[in-house]
**Q** 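Take a look at this one; I'll ask things after.
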Amino acid sequence: MKATAKAHTNIALIKYWGKRNEPIILPTNSNLSLTLDGFSTVTTVHFQDDLSSDEFFLNDKFVEGEASKRVIGFLDKVRTMAGKDMYARIHSLNHVPTAAGFASSASGFAALAAASTKAIGLELDDRELSILTRQGSGSACRSIFGGFVEWQMGEREDGSDSYAVPVASKDHWDIRVAAVVLSATEKKVSSRDGMRRTVETSPFYDGWLQQTPKDLEEIKTAIIDKDFEKTGNIAEANCMRMHATTLGANPPFTYWQDTTMRVMQNVQQMREEGIPAYFTIDAGPNVKVLYLPEDEQKVKQRLQQITGVEEVIVSKPGKGISYL
Ligand code: PMV
């Protein structure tokens, strides 16, 4: 009753921003991401008769509190599905080249879902696994698959039609993503709290809901056509619109810091100089920059020179979950 799985994180090009059902995590809009090879989590789950509670170790450290509650809550769902009542020892290793706030719930919950269901003897197909993973962390349901992935929001109240589907494999298109790690990061508003506050209070949220389905349809065509300029422009604009909703919330907030904006301006400046590069930002201050392989050296060097940038980590399109 032991299994090990590996999952990579993903970066949303069309953001998931808002839930229509919080307990089982149903989104208000369909969204799309690229799975990245640079950041992964390897998780081993071992169900054992002699345990009286779950034990969760992250990077070899025993974890208590909120982080372990989410993991245990997720295992409760797995136990219910399997009809088995056993506790587990969970060992998770985050393969992130730095400790600077890039540990991701996406790779974490995808690896946990894959390892725990296998260990307990459930045989789920990728769709069923995506539906289950979604209930741990929304963005994680996309990490079941490699390459370009759409999370279809679905319509049903039970969430049975809300899951990720592959749009194009990782070998379809070799584009690159530089994760720009900032040196000083303040305590952030979690994606969960940020989404809730925005959905409930931001008058800009309706605009977000109207525009995002159009962005999604257009970016899918651009990805299939390998149109980098179009893909980058839509991703950057969609990111700006998501972040604009937070400024309208009550109380207003932003995830951006001064270095975030310096990186954004440098990316736009690079474009003026003829280097096609585009940014996107999730629920935090760090920036991800999309570019083409032939511009790697120029883009990396430029980003590393920006005041307040600690590290630049480069990723290629990554693969979906695997069992080790
Ligand atoms: O699944 P969560 O709670 O990590 O939320 C992710 C939200 C964003 O990163 C901002 C957007 C996205 O689609 O990944």
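Because only heavy atoms are used, hydrogens play no part in the values below, and waters and symmetry mates are left out as well, while side chains stay in. Read the numbers this way: they start at 1 and go in the same order the structure lists the ligands and their atoms.
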**Q** Measure from the side-chain N and O atoms of H46 to the backbone N and O of A88, and report whether any donor-acceptor pair falls under 3.5 Å.
**A** no
**Q** Can you confirm whether or not the ring centre of F228 sits under 6.0 Å from the ring centre of Y291?
**A** no
**Q** We want to know whether T212 and K15 form a side-chain donor-acceptor pair, criterion being a heavy-atom distance below 3.5 angstrom.
**A** no
**Q** Just say parallel, tilted or perpendicular for the rings of W256 and H243, cut-offs at 30° and 60°.
**A** tilted
**Q** With the criterion set at N/O pairs under 3.5 Å, what does the list of contacts between the protein and ligand 1 look like, atom names and distances included?
**A**
from: ligand 1; atom 1: 1 (O); to: S137; atom 2: OG; distance (Å): 3.2
from: ligand 1; atom 1: 1 (O); to: G138; atom 2: N; distance (Å): 3.4
from: ligand 1; atom 1: 1 (O); to: S139; atom 2: N; distance (Å): 2.9
from: ligand 1; atom 1: 1 (O); to: S139; atom 2: OG; distance (Å): 2.9
from: ligand 1; atom 1: 3 (O); to: S191; atom 2: OG; distance (Å): 2.8
from: ligand 1; atom 1: 4 (O); to: S105; atom 2: OG; distance (Å): 3.4
from: ligand 1; atom 1: 4 (O); to: S139; atom 2: OG; distance (Å): 3.3
from: ligand 1; atom 1: 5 (O); to: S191; atom 2: OG; distance (Å): 3.4
from: ligand 1; atom 1: 9 (O); to: D282; atom 2: OD1; distance (Å): 3.4
from: ligand 1; atom 1: 13 (O); to: Y16; atom 2: N; distance (Å): 2.9
from: ligand 1; atom 1: 13 (O); to: R142; atom 2: NH1; distance (Å): 2.9
from: ligand 1; atom 1: 13 (O); to: R142; atom 2: NH2; distance (Å): 3.2
from: ligand 1; atom 1: 14 (O); to: R142; atom 2: NH2; distance (Å): 2.8

**Q** Is the F74 to F109 ring centre distance short of 6.0 Å?
**A** yes
**Q** Mark yes or no: R134 above the aromatic ring of Y163, with NZ or CZ under 6.0 Å from the six-membered ring centre and no more than 45 degrees from the axis.
**A** no
